[in-house]
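Notes to accompany the following structure.
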2 protein chains.
Amino acid sequence: MPADQKTSPTPRDPDETRRRIQQAAFDLFVEKGFADVAMREIAERSGVTKSLIHHHFGSKDALWKSSKEAAFELYAENQRKDLMQATSSNSDLLRRGVINYFQFLKDHPEVVRLFSWSHLERDEYLGENDSELVRLGAARIREAQEAGIFRDDINPVHVITTFVITCTHWFAAHSHHGQWDGIGSDEDFLDDFLNIFMDGLKPQTAGSA
Amino acid sequence: MPADQKTSPTPRDPDETRRRIQQAAFDLFVEKGFADVAMREIAERSGVTKSLIHHHFGSKDALWKSSKEAAFELYAENQRKDLMQATSSNSDLLRRGVINYFQFLKDHPEVVRLFSWSHLERDEYLGENDSELVRLGAARIREAQEAGIFRDDINPVHVITTFVITCTHWFAAHSHHGQWDGIGSDEDFLDDFLNIFMDGLKPQTAGSA
DNA sequence: GCGCTAATTGACCGGTCGGCCAGTTTATTG
DNA sequence: CAATAAACTGGCCGACCGGTCAATTAGCGC
């Protein structure tokens, strides 16, 4: 045959194929959620036949689960690193934790979105897995309370919850509320939030209303 | 009469029919989002044929839009009422606003969920509509800052954003994080959040870190 | 009563869904 | 160089998707 030989017909590489399928599925799930993604789309985007996806992953559900695992792995790795490296208890520790968490979410919007989909679909996978992280964080807060660094009339879990919620939802909300009049950049918001939050956590000087 | 006669074959009531379709659609959209709801389900749940839904609403999209409008109407009514009734600027005003907002979300979890779906689907309907409310709220904060009630080194919009985000996401997150070790009730969390938040908003006494 | 409009139905459309299966092609390996 | 397993393909399946349409039925003014 003339010029257009197929440059070695098909250099097979199952690992790479698997990876590309996984990636395509991940991107689509992040964008549209589980229900609105078709196997055909995943096949098309990864340049592979639908059958091959079933060969590698078995089902759409398995692919979805695999995507959640990938996202959670990213998330958990970051959080564990941050929680473990801390040795002493002081006010800056929490501040740095919040900044780190905030930055992670900013760098990984796809994780935020995938988690949101998963939660709305009443998936329990994430809730089961991150409770360990919350427990670790709450323990740190409690230490700081006992050391007199933070006020001790607050449930430590609620401190964690507040900052996790605020950071996460800031990014989840960012796209659609982005045009709110006078809203600032990510950094501006983080500054303001930290100022309120950290000052509100200071031990109170008795005579507060 | 012998119990099970059909009580006049079909007592037509188009308004009631419309209402039932609307309600069934709303409930299903809240539960599963737009993509995962089938017209056939809506028909079945409202005890009506699929064709009749098209007769009354035209299309699935129209039904979806109608659901969003209904949810937003509930939401906006509550918010407007709260923002309008305020006449003077003081610290308790914001506190009461937060409590009211929190209570509304607690009473209307379906609104929270529908908004979440809508946002994830990158719908701009809500963002366009609630910016007015945010502007009003931010103006109130600014007044309080100018009156020396709140610290003035914070962007008022970020104050609104923080409390809206936290309240909303508390309920959005509530179901899946409900089992976090040591997490408290809605009221406990609101108390703790308000304590941190309101104290953090107090004017700072110069020498703060 | 009569006729018109609107409510309501069931059958049906083309298209897409996730999944399956019977093959073909490639790499490995003995 | 066979033989075997795995990677990969195209075609097909029944189920379901949102939407349409012609036909029936009920309400309502005259």
Side-chain angles (χ1 to χ4, degrees), chain A residues 1 4-68 114 117-118 121 123, chain B residues 5-68 114 117-118 121 123:
Chain A
M1 55 180 71
D4 85 45
Q5 31 76 279
K6 301 265 183 39
T7 59
S8 78
T10 337
R12 288 190 178 179
D13 184 345
D15 289 345
E16 169 65 11
T17 299
R18 227 190 115 91
R19 205 198 52 78
R20 293 200 11 228
I21 294 170
Q22 165 87 257
Q23 186 66 52
F26 186 89
D27 293 346
L28 283 166
F29 285 144
V30 163
E31 183 56 32
K32 314 202 292 176
F34 179 79
D36 203 27
V37 170
M39 292 296 270
R40 285 165 167 83
E41 290 181 84
I42 303 174
E44 196 173 345
R45 180 175 292 212
S46 51
V48 138
T49 49
K50 208 158 45 84
S51 326
L52 192 51
I53 302 182
H54 281 95
H55 173 70
H56 281 295
F57 288 90
S59 71
K60 189 184 174 187
D61 289 86
L63 209 37
W64 171 236
K65 187 176 179 194
S66 154
S67 293
K68 285 183 296 183
L114 202 79
W117 287 117
S118 171
E121 285 157 8
D123 198 319
Chain B
Q5 29 76 281
K6 300 268 186 39
T7 59
S8 77
T10 339
R12 289 190 177 179
D13 184 345
D15 289 345
E16 169 65 9
T17 300
R18 228 190 114 91
R19 205 199 52 78
R20 295 205 3 234
I21 294 170
Q22 166 86 258
Q23 186 66 51
F26 186 88
D27 294 346
L28 284 164
F29 285 144
V30 163
E31 184 55 32
K32 313 203 292 176
F34 179 78
D36 203 28
V37 169
M39 291 296 270
R40 285 166 169 82
E41 290 181 85
I42 302 174
E44 196 172 345
R45 180 174 293 212
S46 52
V48 137
T49 49
K50 206 158 46 80
S51 327
L52 193 50
I53 302 182
H54 281 96
H55 172 71
H56 280 296
F57 288 90
S59 71
K60 190 184 174 186
D61 289 87
L63 211 35
W64 171 236
K65 188 176 178 195
S66 154
S67 293
K68 286 183 296 184
L114 202 81
W117 287 115
S118 172
E121 284 157 7
D123 197 318

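Lettering follows sequence order; numbering is per chain, from 1.
For Arg40(A), the side-chain contact (heavy atoms from CB on, under 4.5 Å) partners are Lys50(A), not counting sequence neighbours.
The listed nucleotides are dC8(D), dA7(C), dC12(D); the one nearest the side chain of His55(B) is dA7(C). The listed nucleotides are dT9(D), dT8(C), dC17(D); the one nearest the side chain of Ala38(B) is dC17(D). Side-chain proximity of Met39(B) to the nucleotides dG19(D), dG18(C), dC8(D) is greatest for dG19(D). Residue Lys60(A) has its side chain nearest to dG18(C) when only dC8(D), dT20(D), dG18(C) are considered. Of the candidates dT9(C), dC12(D), dA26(D), dA26(D) carries the atom nearest the Arg12(B) side chain, counting heavy atoms from C-beta on.
Screening residues 23-35 of chain A for salt bridge (Lys or Arg N to Asp or Glu O under 4.0 Å), with sequence neighbours left out, gives Glu31(A)-Arg122(B), Lys32(A)-Glu41(A).
An OP1 or OP2 oxygen of dC8(D) is reached within less than 4.0 angstrom by a side-chain nitrogen or oxygen of Thr17(A). OP1 or OP2 of dA6(D) has not a single side-chain nitrogen or oxygen of His56(A) nearer than 4.0 Å.
Relative ring orientation between Trp64(A) and Phe29(A) is described as perpendicular, the plane-to-plane angle rising above 60° on a 0-90° scale split at 30° and 60°.
Judged by distance alone with a 3.5 Å cut-off, no donor-acceptor contact links the side chain of Ser51(B) to the base of dG19(D).
Nearest heavy atom pair, residue Leu63(B) against residue Ala25(B), reads CG-CB, 3.6 Å.
Per the geometry, CZ belonging to Phe34(A) stands 12 Å off C1' belonging to dC17(C), to the nearest Å. When the P atom of dC17(D) is taken as reference, atom CD1 of Ile53(B) falls 12 Å away, rounded to whole Å. Residue Arg40(B) contributes atom CZ, which lies 14 Å from atom P of dC12(C) at whole-angstrom precision. Ile42(B) has its CD1 atom 13 Å from the C1' atom of dG19(D), to the nearest Å. Atom CD1 of Ile21(B) is separated from atom C1' of dA7(C) by 10 Å (rounded to the nearest Å). Here the P atom of nucleotide dC8(D) and the CZ atom of Arg18(A) are 12 Å apart, to the nearest Å. Rounded to a whole Å, the NE2 atom of His54(A) is 21 Å from the P atom of dG23(C). Rounded to an integer number of Å, the gap from CG of Leu63(B) to C1' of dC17(D) is 15 Å.
Side chain of Ser66(B) to main chain of Ala62(B): no donor-acceptor pair is present (N/O by atom type, distance under 3.5 Å, no hydrogens or angles).
Residue-to-nucleotide proximity on DNA chain C shows that, of Pro14(B) and Lys50(B), the 5′-proximal contact is made by Pro14(B).
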